[in-house]
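By convention here, the first residue in the shown sequence is residue 1.
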Amino acid sequence: MNKSEIQFYAKVKELLAKPEADRDIETGAKLMLQGTRRRSMYNSIMRRPQNLASKLWYELSKVDKHGDELLAIDKRLKEEEKIIKSATHVATVEGPKRHAENKSGMRDDHDKLPTQVQDYYTGAGELYKDLKAKHTQVMLAVNSRDVDARKELVDELAHLDETRRDLLKQYDEYVDPAKADIPAEPGEPGADGDGDKTDPPAKDLTEEEQKAVGSARKYITTNIKKIDAAREKDTEYTVPADLAVKLLERYNTLVGFEKATDEQRERLVALGILVEPTNE
């Protein structure tokens, strides 16, 4: 919507906000004519203003409703533009640079990383291909009048972009727990004064297993914080299914190594990700 259209619908809304007795019929008729182009109705109202006042306000209310719909679409389009702009950069600049055949963007220690962390990079590369294809679909639908269908495509594009960035963030920020000073989780040595958080890893775990435990622990902690932040902004926020699966996989990793804590279990249960067995 351009500036003049916004101003027009604002005048309509302002007039309708007044009690009917205080509304100027001639002003309303002119606004109705501008919004509907129905000159014959305009002429009839001007000839018999009192008799056709209720008809005027009814028609003007439809103009007002149409204005609200246009504003909603305009807002949606602006949001879509931001998503498309971000994805366009990924599809044309960032993606090719990061996932080129020369492995640009790959860590120097990639071959020494746990397989799970290497998979973050591989997965992001596969998602880049999907994102590029989806971006093409969106660009073809940019001028489509089916705004709902276009919105569905843009939502899918945004999800691909967000998931890919999350994978790359985990890949880029991964730190070997054996070389990093990672605070102990509640129930682990070093929590609440119980031992030293720099205590050496448990002897019953291999180096690779220690890395898997540290990675799973960090993934759960980081993403639960993200979920809490999302719920602060939107009380109806639900955890995406793919994220729930990944959180459950990390928790099961900790369970397998007997490193899961009560706090982790309680949080995942509260989020509906982990279902505890009943005694029945």
Side-chain angles (χ1 to χ4, degrees), residues 107 109-110 112-124 127 158-280:
R107 290 172 53 151
D109 61 348
H110 179 86
K112 298 178 182 179
L113 295 172
T115 302
Q116 185 181 56
V117 179
Q118 293 179 1
D119 288 345
Y120 292 154
Y121 182 87
T122 305
L127 280 177
H159 178 68
L160 287 172
D161 192 18
E162 182 180 353
T163 304
R164 173 188 167 278
R165 291 179 186 278
D166 184 57
L167 287 174
L168 287 177
K169 185 173 186 294
Q170 293 178 70
Y171 173 79
D172 291 337
E173 296 180 358
Y174 173 78
V175 178
D176 186 344
K179 299 178 182 179
D181 185 16
I182 299 178
E185 294 283 346
E188 291 287 322
D192 299 325
D194 179 20
D196 184 354
K197 67 181 180 181
T198 58
D199 284 345
K203 294 181 180 179
D204 60 330
L205 296 182
T206 66
E207 181 178 350
E208 195 68 25
E209 289 170 341
Q210 293 165 18
K211 292 179 180 179
V213 168
S215 176
R217 180 185 296 162
K218 181 177 180 181
Y219 185 88
I220 291 173
T221 302
T222 299
N223 282 282
I224 283 181
K225 288 180 180 179
K226 290 181 179 178
I227 292 171
D228 289 341
R231 287 192 165 183
E232 286 183 7
K233 295 180 180 179
D234 181 4
T235 56
E236 297 182 359
Y237 172 83
T238 56
V239 180
D242 55 344
L243 176 57
V245 170
K246 291 176 183 177
L247 284 167
L248 190 56
E249 288 175 349
R250 279 18 175 232
Y251 177 74
N252 288 335
T253 295
L254 297 179
V255 171
F257 291 122
E258 299 182 354
K259 293 297 181 181
T261 66
D262 289 341
E263 182 180 356
Q264 291 166 343
R265 175 178 55 77
E266 291 168 0
R267 286 308 311 275
L268 293 178
V269 169
L271 291 170
I273 295 172
L274 179 65
V275 179
E276 293 188 305
T278 63
N279 296 323
E280 296 179 2

To the nearest 0.5 Å, tell me how far [X] [atom1] sits from [Y] [atom2].
X: L127; Y: E162; atom1: CG; atom2: CD; value: 11.5 Å
X: T238; Y: I227; atom1: OG1; atom2: CD1; value: 10.0 Å
X: T221; Y: E263; atom1: OG1; atom2: CD; value: 8.0 Å
X: E173; Y: L168; atom1: CD; atom2: CG; value: 10.5 Å
X: T163; Y: L243; atom1: OG1; atom2: CG; value: 9.0 Å

Determine the sole option in T261, D262, L268 for which the side-chain contact (heavy atoms from CB on, under 4.5 Å) test with R265 is passed.
D262

Exercise: identify the closest heavy-atom pair between [X] and [Y]:
X: R217; Y: Q264; result: CG-NE2, 4.2 Å
X: A212; Y: T253; result: O-CG2, 4.3 Å
X: V255; Y: A260; result: CG2-CB, 3.7 Å

Check: residues 244-251 side-chain donor-acceptor pairs under 3.5 Å, at least two apart:
unit_1	atom_1	unit_2	atom_2	d
R250	NH1	K246	O	3.4
R250	NH2	Y120	OH	2.7

Please list, chain by chain and in numerical order, all residues satisfying ring-ring contact (aromatic ring centres under 6.0 Å, His included) with H110, sequence neighbours excluded.
Y121, Y171

Using modelled atom types only, decide if a donor and an acceptor are shared between the side chain of T222 and the backbone of K218 within a distance under 3.5 Å.
yes

Show the numbers, then the answer: is there a side-chain contact (heavy atoms from CB on, under 4.5 Å) between Y174 and Q116?
CA-CA 11 Å; Y174 173 78; Q116 185 181 56; over 6 Å; no

Going by the salt bridge (charged side-chain N to carboxylate O under 4.0 Å, His left out) test, which pairs reach into residues 224-238, not counting sequence neighbours?
D166-K226, D228-R267

Is there a side-chain contact between H159 and D242 (heavy atoms, below 4.5 Å)?
yes

